Amino acid sequence: MEKTYQPHTIERQWYQTWEERGYFTPASTSNPDGAGKPYCMMIPPPNVTGSLHMGHGFNNTVMDTIIRYRRMKGDDTLWQMGTDHAGIATQMVVERQLALQGVSRHDLGREKFLDKVWEWKEQSGGTITRQIRRLGSSVDWSRERFTMDDGLSTAVQEAFVRLHEDGLIYRGKRLVNWDPKLHTAISDLEVENHDEKGFMWNLRYPLANGATTADGKNYLIVATTRPETMLGDSAVAVNPNDERYQSLIGKFILLPLVNRLIPIIADDYVDRDFGTGCVKITPAHDFNDYEVGKRHNLPLINVLDKNAAILATAHIFNFDGSLNTTENNSLPAAYASLDRYEARKQIVAALEAAGLLEKIDDHALKVPRGDRSGVVIEPWLTDQWYVSTKPLAEPAIAAVEDGRIQFVPKQYENMYFSWMRDIQDWCISRQLWWGHRIPAWYDASGKVYVGRNEAEVRSKHNLGADITLNQDEDVLDTWFSSGLWTFSTLGWPEQTEFLKKFHPTDLLVTGFDIIFFWVARMIMLTMHLVKHEDGTPQIPFKTVYVHGLVRDNQGQKMSKSKGNVLDPLDIVDGIDLETLVQKRITGLMNPKDAPKIEKQTRKEFPEGIQAYGTDALRFTFCSLASTGRDIKFDMGRVEGYRNFCNKIWNATRFVLQQCEDQDCAQDGATDYELSISDRWIISKLQLAEKAINEHLDTYRLDLAAQVLYAFVWDEYCSWYLELSKPIFWDPTATDSQKKGTRRTLIRVLETILRLSHPLMPFITEEIWQKIKSLAGATGETIMLTRYPEANEKKIDPVAIADVEWLQTIIVNVRKIRDDFKIEQKKTIDVFIKNGSTVDFERLQLNDRLLKKLVGLNEIHWLNKGEEAPMSATALAGQMEILVPMAGLIDKDAEIARLTKESAKLEQDIIKTETKLSNVAFVEKAPAEVVANEQARIAEHKISVEKLREQIQKINAL
RNA sequence: GGGCGGUUAGCUCAGUUGGUAGAGCAAUGCCCUUACAAGGCAUGGGUCACAAGUUCGAGUCUUGUACCGCCCACCA
């Protein structure tokens, strides 16, 4: 074996081997009868043309760790992979590429454009799946799916049609969030509200027909952050209880610039204490005003086009969807086709010129921006398809309330409930080309027919060939298809064997940022569409493991524009500084950021990034995966865990040195002897196994990683390996003792590998293959071995106590050596005083071990009354460990040392005595706790006494 | 405005039913000792954000305050 662990040389071939040999497919595929209980996970589908980021790395590590664990537990595991067509995101990428050639999608036309997107998908679609392989993810690639492949498209159509038949999908003209750059409607969730600075314009609206306010003015003042929408005002509202305006309710305003008469109405929506208590109502351009307008049956006056520029004439509708032909739809010609912000400037100027601008205040407001385009979203009146969510939400809420679905950690259930209980209908149509075309057809009169295809529509509605039908131009929200993910990927609507066996799935691992987008909608859609044989709804998954976001080491979100993005594969493979800098500064939205990013990158990674390997990265993710919080990604952790891999690697080298070509007692013969150390490490192993199983069962990968790390490094390597050496080096050790130790060494190592495998698949497979025969293990791969489980019978309390005793002596002697700078090479004598018979027996048993481990010359046992030469002292309970001072130890230094030790104890005595003198404590605390305190204080008192005596003796010299 | 989470060693984080505060990294000292310098041995370092309460006893439970972060809603 290499002297150090070299990840890249061992990681490459194993994945290919695993995949080729079909280890990732469910056990039932090759062994229909002998497989365990089904266990299924679906990957959150990444964007098909995307590439791996740290979030994927984290998410995949968690999933793969759990699926490998379940597989080794004997479950019939299916982990299925797929990619998402990611409507807007993908279409935007392709449009941007075309734009570089000066071509728009409209130049190409729908069909040719879609060809281009498919081309791009073919070209870049393999990237993410290749990268996921590099992470070691054991997904069943034979069942890989894509949201727009045939099967899934069928499922999407089927779902749409069924929901429509059940009255849960409808089409209507309503206000939607309109993205004036992308020219599509988007759902509420795709709108991000940003705090931005703006202004509040206070406008004077002249009263018509000579009306005046109570204080004699001939106008009302309305305030707005969107003055340009005044062109579409259809009322001014006041609070019905506002005495100031009672007499004006029912009167009219002459809307400036437009010269349209609009009524003054009363509505509870208006807060009389805010501003003047008068609100302009623009039902076609504001969600609140829309509701007010609906209550008062006001006309919806749309003054914006799809680019959010002012129309030449307003489009006026009634709330029943019909065109309003009675209202005057003329608009001032001056603003026609002006962009909303230019129009704002000019309208404000015109109002000011007319003396109608009362004042302008600074105002902080939330600005709605599209999460993809970044432009300000416009509430806009259009025809869209909606899912009626309230009826779907009810059972979906119940499923979480009654525990059929559980969130880990539980606090996310609150987030889920609060959103679901106040859910709004979901706009699912998008004015895009890339996606699932809505299965609806229109005849010449605009009547709509929904069906699985045109032929079905025709036969169902008796539409002859003479009637022209046109399919809806729009596509569905990407999240509609991903909402069907758990079952569409298993073959639904067909009742496939896989669907029957693996649905409901067991676990969903995902970030909290898509609980609403994805998790909630999956629950709603699945429960409505997929039923058990008895007709009850199927849930999509039993447990939702919610993890945080991966942030940089400063806690900042990783983003291209901040230049703090880490590519997981750069941590795996390493990257030199120049390449990293180039990677970070190319393709920036704002090239001006480049110098800053370059500087920051050079500072943070002066040497680039080393190749730490997949296992180290995975272990890092696991160790940071404490639930419910974001993780700050720290490169130091990766390095530490790379070192951990190296530790395992080198421990293996030692074990092989001792065991290779030797009898390791794996032939069933029992002519071996287990030492105290052997029995101790076996005991400790059981405890570690127990803890790790528990932590993995409860999704605490961080705790599992910690236990594993501590067991391997501190107990197996630092103690057990060291304790084993004297046995191998001792010429008087018997063959059966050596054999017992070899057996333990190799078997514990092999168990460690199996314990670690779900977290670190590559290094464990590599080493396992090297040692499996020595350890008596069988099988082609560690992947399909059984996961270690604790056997309580193997826990040996005597061995544990004995080794702890040994450790106490060793640590104390080491400390004395260290405190007095006694050279490593120099052997010393030790005297043991005031030892019990148990101490004596232990000493007899471990005499040679002790001598070897701490470089002792002779260990002298002092009987009662026997005195040691003047010594440095360490206490191990009653027993005194004495190292003669002669020539080695400075008198004053030893006094200082003992004084310090004594002071420490005395402090604790005082603290404990105070506690014990409290009558209430002695009376009310459990007897055990009190006894513990008393015992400790007694022991400490004796120790202090001994230390004092010793100080006096040395002083007397 | 409503809700959730966080505040523990210099940094990043654990801390299970209340019972003497833990890890990794970093720091310091000594060691190239035949698995490993990506290492070994040892050491230092914490008023557990603050305040009050419950309790014999609070990092842990209750209430309040401060600061940080997130989600949702929003007064035009």
Side-chain angles (χ1 to χ4, degrees), chain A residues 1 3-5 188 193 200 222-226 237 269-271 273-282 286-289 292 363 365-366 409 411-412 414-415 417-419 422 512-513 515-516 548-549 551 553 555 610 612 616 623-624 626 628-637 639-658 694-695 698 700 702-703 705-706 709-710 713-714 717-718 721-722 725 729 810-811 814-819 821-825 854-855 908 911-912 915 918-926 928-930 932-933 936:
Chain A
M1 285 172 78
K3 206 176 165 190
T4 52
Y5 156 70
D188 297 347
N193 291 304
M200 180 80 87
V222 296
T224 180
T225 55
R226 306 260 344 247
Y269 161 71
V270 180
D271 176 357
D273 298 324
F274 187 90
T276 57
C278 301
V279 184
K280 68 191 259 314
I281 302 297
T282 323
D286 182 281
F287 289 104
N288 286 311
D289 293 4
V292 175
H363 186 71
L365 70 165
K366 293 276 189 185
Q411 79 227 22
Y412 285 108
N414 291 326
M415 208 165 120
F417 286 140
S418 66
W419 189 70
D422 188 33
F512 70 88
D513 51 327
I515 287 182
F516 304 145
L549 254 43
R551 298 171 174 277
N553 59 352
Q610 284 185 61
Y612 294 109
S623 72
L624 292 169
S626 58
R629 63 196 281 166
D630 288 352
I631 60 178
K632 288 187 200 170
F633 193 84
D634 176 12
M635 210 51 100
R637 296 287 283 250
E639 186 167 353
Y641 296 129
R642 189 275 315 265
N643 296 352
F644 180 54
C645 291
N646 190 50
K647 192 77 182 173
I648 296 175
W649 187 260
N650 278 289
T652 304
R653 291 178 58 226
F654 172 76
V655 173
L656 283 176
Q657 276 172 25
Q658 304 308 326
E694 280 170 11
H695 293 321
T698 49
R700 287 302 303 267
D702 58 328
L703 299 181
Q706 200 191 329
Y709 185 98
W713 200 304
D714 301 337
C717 292
S718 292
L721 257 44
E722 295 308 317
K725 286 174 186 174
W729 296 344
I810 292 167
V811 166
R814 275 180 188 162
K815 190 161 156 43
I816 289 173
R817 293 192 80 121
D818 201 73
D819 282 348
K821 312 268 176 274
I822 301 171
E823 272 181 77
Q824 217 89 58
K825 284 172 198 151
V854 276
D908 191 53
K911 215 169 103 188
T912 313
K915 209 175 189 179
N918 181 349
V919 182
F921 171 70
V922 181
E923 277 174 5
K924 296 195 180 174
E928 203 185 300
V929 172
V930 178
N932 257 341
E933 297 288 314
R936 200 174 76 247

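Residue numbering restarts at 1 for every chain, and letters A, B, ... go by the order of the sequence lines. The shown structure was predicted, so the numbers you read here are calculated from the model rather than taken from an experiment.
Backbone-only engagement by Phe516(A) is indicated by non-hydrogen atom pairs under 4.0 Å involving sugar-phosphate atoms exclusively. At a threshold of 4.0 angstrom between heavy atoms, the contacts of Ser418(A) with the nucleic acid are absent. Residue Arg642(A) is classed as a base contact, given a heavy-atom separation below 4.0 Å to a base. Using a 4.0 Å heavy-atom distance criterion, Lys632(A) is classed as a sugar-phosphate-only contact. The residue Asp271(A) sits close to a base: some heavy atom pair falls under 4.0 Å. Note on Thr225(A): only backbone sugar-phosphate atoms sit closer than 4.0 angstrom, heavy atoms only; bases stay farther off.
Scanning atom types as modelled, one donor and one acceptor separated by under 3.5 angstrom connect the side chain of Glu722(A) and the base of A35(B). Scanning atom types as modelled, no donor and acceptor separated by under 3.5 angstrom connect the side chain of Arg814(A) and the base of A42(B).
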- Note on the structure: For nucleotides 27-32 of chain B, 5' to 3', base contacts (B), sugar-phosphate-only contacts (S) and non-contacts (-) with protein non-hydrogen atoms under 4.0 Å give --B-S-
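For G39(B), neither phosphate oxygen OP1 nor OP2 lies less than 4.0 angstrom from any side-chain nitrogen or oxygen of Asn650(A). Phosphate contact (OP1/OP2 of A76(B), side-chain N/O of His363(A), threshold under 4.0 Å): present.
Every side chain to side chain donor-acceptor pair (under 3.5 Å) that Asp630(A) has, sequence neighbours left out, goes to Arg551(A). Annotation: ring-ring contact (aromatic ring centres under 6.0 Å, His included) contacts of Trp729(A) (sequence neighbours excluded): none. Residues that satisfy the ring-ring contact (aromatic ring centres under 6.0 Å, His included) test with Trp649(A), not counting sequence neighbours, are absent from this structure.
Sequence order on RNA chain B of the closest nucleotides to Val270(A) and Ile631(A) puts Ile631(A) first from the 5' end.
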- Task: Treat a base pair as Watson-Crick or G-U wobble with both distances under 3.5 Å, then lay out RNA chain B in dot-bracket form, 5' to 3', with | for cross-strand pairs.
- Result: (((((((..((((.....[..)))).(((((.......))))).....(((((..]....))))))))))))....
Using the 3.5 Å cut-off, write out each protein N or O paired with an N or O of nucleotides 20-24 of chain B and the distance between them.
{"residue": "U20(B)", "atom": "O2", "partner": "Asp908(A)", "partner atom": "OD1", "Å": "3.4"}
{"residue": "U20(B)", "atom": "N3", "partner": "Arg936(A)", "partner atom": "NE", "Å": "3.1"}
{"residue": "U20(B)", "atom": "O4", "partner": "Arg936(A)", "partner atom": "NE", "Å": "3.3"}

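Under the 6.0 Å cut-off for aromatic ring centres, Tyr709(A) and Tyr641(A) qualify, their centroids lying closer than that.
Note on Arg226(A) versus Asp286(A): no salt bridge recorded, every NZ/NE/NH1/NH2 to OD/OE distance being 4.0 Å or above.
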